[in-house]
Number of protein chains: 2
Amino acid sequence: MKKRITLKDIAQHFGVSIATVSKALKDSHEISTSTKTKIQDYAKSNHYKPNVTALNLLNKNTKTIGVIIPNIMNSFFAKVFVGIENIASEKGYHLVSCISNESYEKEVKTIDLLKHGSLDGLIISLAEETQVLQNYKHLTNTLNEGIPMVMFDRISEDIECDKIIVNDLESAFQATKHLILSGCKRVGLISVIDNLSVGKLRVEGYKKALQECDMRIEEKLIVRIHKNEDFETALKIVLADKTIDGLLCLEESSAVNALKLIKQMDYKIPEDMSIACFTNGKLLQYLSPSISAISQHGKHIGETAAKMLIDRIENETENKPYVTKIVKTSLIERDSTKKLN
Amino acid sequence: MKKRITLKDIAQHFGVSIATVSKALKDSHEISTSTKTKIQDYAKSNHYKPNVTALNLLNKNTKTIGVIIPNIMNSFFAKVFVGIENIASEKGYHLVSCISNESYEKEVKTIDLLKHGSLDGLIISLAEETQVLQNYKHLTNTLNEGIPMVMFDRISEDIECDKIIVNDLESAFQATKHLILSGCKRVGLISVIDNLSVGKLRVEGYKKALQECDMRIEEKLIVRIHKNEDFETALKIVLADKTIDGLLCLEESSAVNALKLIKQMDYKIPEDMSIACFTNGKLLQYLSPSISAISQHGKHIGETAAKMLIDRIENETENKPYVTKIVKTSLIERDSTKKLN
DNA sequence: ATGAAAGCGCTAACAG
DNA sequence: CTGTTAGCGCTTTCAT
């Protein structure tokens, strides 16, 4: 790397002290106009740029936020990331971003790498594996070391920090009710995220809706599909029961997969089967039929998370109590749950 | 932020010098075993972590790579990002990531923010606006300041650095030929990216294929739709010509949009109209019919870019000539271009 | 108006 | 074996 020009270089060039140069470049009144202009001109034409690392060392902050996301190919997380980036860049913060890839080990390693002083704060959504293991030591340690943290979506009650989530239970409740109101008599649930906190909450919301509508909760209608299991097989087993006429999928990809398979099985949608799902990805509106979905407002979540964190970083003295913000989802009704006349 | 423990703190605690502590923690042979163990134990139980900023200042590197991407919601860029992240984290580099949002100004601002010393290298794909303005001063400056850079996909010939691209021209050529071989007599082209270098190359490839097949190149079959123009209107104007029976879309979203509209116009696909497009997003395989697409192997591009950059960073002395790597795309044939019997 | 000195946290050469 | 010193690039008192 070509050596960058420093204050020292400029000082030597003019035979003045480093302090003078520093002040001159800051337009300090302590320095005579003539020295100031000659130094400023020289600095400019030689592309002097202050060394951020040195400033960080001095100021003990880095204007950098760490972002740990399970999977950027997931449209919800991508949207959150966009939101975080919006606010961060607006407020002059850098984003050091990592993809945990749902791995506990990667998450731990990443945090370890990040927190060694190069970071003012952290925004994180837990890896699936971490939620399964429920081992949060890497996070509590980070907090104990005084690094502010905001968790979103996949959080843990056991960690004391600011959080931002959606009303998962209620959203599932509403979506299920929507399916029932659109004519479904027997609604199944498909979860490939039963390991996640949000997955469990959504199941509860589903159950609550059934209860409220005086429909029986049948465990066999709740299909939990894990990583190593075959989606198609699992789906077909449930759908052997031909009275099922509605499906709540707890995330986008299982809805898309289900739609494809169900169409192949010669169901008509929504006539024979209605489908709704969580996470309003771009995909859903283009499918035939388009799929009704719960929008989690990812961008807004990201923006809020960034604001909360930056607020925490910049007002550390205040010692505000931790808050958990809840973002209300929106149900976007599409053809897959069209009411039949 | 709670104050982190430093070498100085440890030194004071034991009444030894900072240097001794530093060496002890490095398990230096210069230090007696007893001092080493007591210092190491104390450091461990007090969660001593070296201050990375101080080390960066000392070593004049940051183990940090800047990544500037036009839009993370685009599946190609998301895949590239995943690839970059893979390699970077494997080699112990952080990623400072920014989304330019296709804006020249954001790109310039970002680079300005990043390059002031907190960054060992940069990976970038140009914003659309930047490619239109063809103003690359922010990039050439960065290079002149000795910061290694790798450009991918949306590059400029005017910038001297390592690059990695796909064979856009040839890919379009092959896709067009594929449309023709599957029975199309008159192939239109839809470009919403005519501003981009890659867009222009793809048009050339399309033309080349027509020529080779002795088909006339008709400018009116080449639809260039810009940001402020209405996609639907533009598409319908071309499709007033009912003899068009094939469509090459230069990126994913226009293919998806076109499919939807064309289906609404009661075309049968692929019987009446075949469609192929660039960028193999997750969407395409789930549409009815599924759309044939050119995979640009984003993840591989990302990995390659990261490797090239890190190589450049870690072997700066060598002064290797700049290379442009070309990644070969793959055409994934799906139902939208099924050959008719 | 300018400069000397201390210090941010750490390392490394050199002394003792 | 341990300590002193200088220095990475910069800012900020405090002298002069």
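A, B, ... follow the sequence lines: proteins, then strands. Residue 1 opens every chain.
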Over how many whole Å does the gap from [X] atom [atom1] to [N] atom [atom2] extend?
{"X": "B:Leu7", "N": "C:dT11", "atom1": "CG", "atom2": "C1'", "value": "9 Å"}
{"X": "A:Lys26", "N": "C:dA1", "atom1": "NZ", "atom2": "P", "value": "19 Å"}
{"X": "B:Lys60", "N": "D:dG7", "atom1": "NZ", "atom2": "P", "value": "13 Å"}
{"X": "B:Ile5", "N": "C:dG9", "atom1": "CD1", "atom2": "P", "value": "12 Å"}
{"X": "A:Asn59", "N": "C:dC8", "atom1": "CG", "atom2": "P", "value": "13 Å"}
{"X": "B:Asn56", "N": "D:dC10", "atom1": "CG", "atom2": "P", "value": "15 Å"}
{"X": "B:Gln12", "N": "C:dG7", "atom1": "CD", "atom2": "P", "value": "12 Å"}
{"X": "A:Asn61", "N": "D:dT11", "atom1": "CG", "atom2": "C1'", "value": "14 Å"}

Suppose we screen for side chain to side chain donor-acceptor pair (under 3.5 Å). Which residues come up paired with [X], at least two apart in sequence or across chains?
{"X": "B:Thr130", "result": "B:Glu107"}
{"X": "B:Thr20", "result": "B:Ser17"}
{"X": "B:Ser197", "result": "B:Gln131"}

Sequence neighbours left out, what passes ring-ring contact (aromatic ring centres under 6.0 Å, His included) with [X]? Give chain and number order.
{"X": "A:His300", "answer": "none"}
{"X": "A:Tyr42", "answer": "A:His13, A:Phe14"}
{"X": "B:His138", "answer": "B:Tyr104"}

Taking any heavy-atom pair under 4.0 Å as a contact, classify [X]: base, sugar-phosphate, or nothing.
{"X": "A:Leu58", "result": "base"}
{"X": "A:Leu57", "result": "base"}
{"X": "A:Tyr48", "result": "sugar-phosphate"}

- prompt: Closer than 4.0 Å, any side-chain N/O of A:Lys8 to the OP1 or OP2 of D:dC10?
  reply: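 No, outside the criterion.
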- prompt: Taking 4.0 angstrom as the limit, do A:Asp162 and A:Lys325 come out as a salt bridge?
  reply: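 A salt bridge is absent here (no side-chain N lies under 4.0 Å from a carboxylate O).
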message: How bent is the helix from C:dA1-D:dT16 to C:dG16-D:dC1, measuring the angle between the end axes built from five pairs each, rounded to 10°?
response: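 Roughly 60° between the end axes, to the nearest 10°.
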task: Just grab all the salt bridge (charged side-chain N to carboxylate O under 4.0 Å, His left out) pairs involving residues 15-27 of chain B, residues at least two apart or on different chains.
output: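 Of all non-adjacent pairs touching residues 15-27 of chain B, those that pass salt bridge (charged side-chain N to carboxylate O under 4.0 Å, His left out) are B:Lys23-B:Glu30, B:Asp27-B:Lys36.
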field: Contacts of type side chain to side chain contact (heavy atoms under 4.5 Å, CB included), residue B:Glu90, not counting sequence neighbours
entry: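 Side chain to side chain contact (heavy atoms under 4.5 Å, CB included) check on B:Glu90 returns B:Ile87.
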Using atom types as modelled, flag every donor-acceptor pair under 3.5 Å from a side chain in residues 147-158 of chain B to any protein atom, sequence neighbours excluded.
| from | atom 1 | to | atom 2 | distance (Å) |
| --- | --- | --- | --- | --- |
| B:Arg154 | NH1 | B:Glu102 | OE1 | 2.7 |
| B:Arg154 | NH1 | B:Glu102 | OE2 | 3.4 |
| B:Arg154 | NH1 | B:Leu126 | O | 3.0 |
| B:Arg154 | NH2 | B:Glu102 | OE2 | 3.0 |
| B:Ser156 | OG | B:Asp158 | N | 2.9 |

- request: Under 4.0 Å from any atom of DNA chain D, heavy atoms only: list the residues of residues 29-46 of chain A that qualify, in numerical order.
  value: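 Nucleic-acid contacts, sorted: none.
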- prompt: Is there a residue in residues 17-25 of chain B whose heavy atoms reach under 4.0 Å of DNA chain D, and which residues are they?
  reply: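 Residues of residues 17-25 of chain B under 4.0 Å from DNA chain D: B:Ser17, B:Ala19, B:Thr20, B:Lys23.
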field: Any donor-acceptor N or O pair under 3.5 Å, side chains B:Asn56, B:Thr53
entry: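 Checked: B:Asn56/B:Thr53 side chains show no N/O donor-acceptor pair below 3.5 Å.
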- prompt: Is atom CD of B:Glu314 surrounded by more than 12 heavy atoms (other residues, nucleotides or ligands) closer than 6.0 Å?
  reply: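 Count over threshold, so yes.
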